[in-house]
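Taking it in order: structure first as structure tokens, then the write-up.
The chain is numbered in sequence order, starting from 1. Predicted, not measured: the structure shown is a model, and the values here were computed from it.
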Amino acid sequence: MRQAGAYSGILSGGISGRTGPHSLPLARIKKIMKRSGEDVKMISGEAPIVFSKACELFIEEITVRSWMVTLQGKRRTLHKEDVAAAVAATDVFDFLVEMVGSKGGVNGGGESSEIVVKLES
């Protein structure tokens with residue numbers, strides 16, 4: 001008999017109904033969603049769960065691409081420069097190019113770890 005996968009209940013409330021199989025905080029996701037625009041007032045309970053899974057997949061994808069850059073550099077530690085190179089080399093991540101900068105650091109800066117996100121309206 002075939003068993004259900006870990007995310008088979010993603011839209012039906014997950015494993016425990018309220019918390020589900022996700023690892024990102026749903027309250028934070030919902031806050032970001034509400035902050036995204038004045039027109040966003042009501043958000044269903046399932047929407048943050050779907051966004052949580054989408055974020056996990058996004059993080060996984062950009063990590064795999066960054067890790068390939070790390071291995072090409074014959075290193076075993078992933079650095080922010082690897083993420084910047086992966087973003088620059090992937091058309092799908094063009095929306096992140098300004099954030100990671102062309103010099104490999106966040107915002108193109110040297111040692112600063114501060115991330116500035118620009119939202120266009």
Checklist entry - Taking only residues two or more places apart in sequence or in another chain, which ones pass ring pair (Phe, Tyr, Trp, His ring centres under 6.0 Å) with Phe51? => result none

Taking all non-hydrogen atoms of both residues, which atom of [X] and which atom of [Y] are closest, and how far apart?
X	Y	value
Glu38	Lys41	O-NZ, 2.9 Å
Leu24	Cys55	CD1-CB, 3.4 Å
Pro48	Ser44	CD-O, 3.1 Å

Checklist entry - Are Val69 and Leu71 co-members of a hydrophobic cluster defined by side-chain heavy atoms under 4.5 Å apart? => result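 In one cluster: no.
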
Next on the checklist: Hydrophobic clustering (ILVMFWY, side-chain heavy atoms < 4.5 Å, transitive) - are Val92 and Val83 grouped together?
Outcome noted: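 Looking at the clustering, Val92 is in the same group as Val83.
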
Item to check | Minimum side-chain heavy-atom gap Arg76-Trp67 below 4.5 Å | outcome: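 Yes, their side chains come closer than 4.5 Å.
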
Item to check | Heavy-atom side-chain contact between Leu96 and Ile62 under 4.5 Å | outcome: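 Of all side-chain heavy-atom pairs linking Ile62 with Leu96, at least one is under 4.5 Å.
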
What distance separates [X] [atom1] from [Y] [atom2], expressed to the nearest 0.5 Å?
X	Y	atom1	atom2	answer
Leu57	Ser52	CG	OG	9.5 Å
Arg35	Lys30	CZ	NZ	15.0 Å
Met33	Leu26	CE	CG	10.5 Å

Checklist entry - Counting N and O atoms only, with roles assigned by atom type, does the side chain of Thr90 sit under 3.5 Å from a partner on the main chain of Ala86, one being a donor and the other an acceptor? => result yes

Next on the checklist: Classify the ring geometry of Phe93 against Phe58: parallel below 30°, tilted from 30° to 60°, perpendicular beyond 60°.
Outcome noted: perpendicular

Checklist outcome for this item: Across all chains, not counting sequence neighbours, the side chain to side chain donor-acceptor pair (under 3.5 Å) partners of Thr70 are Asp82

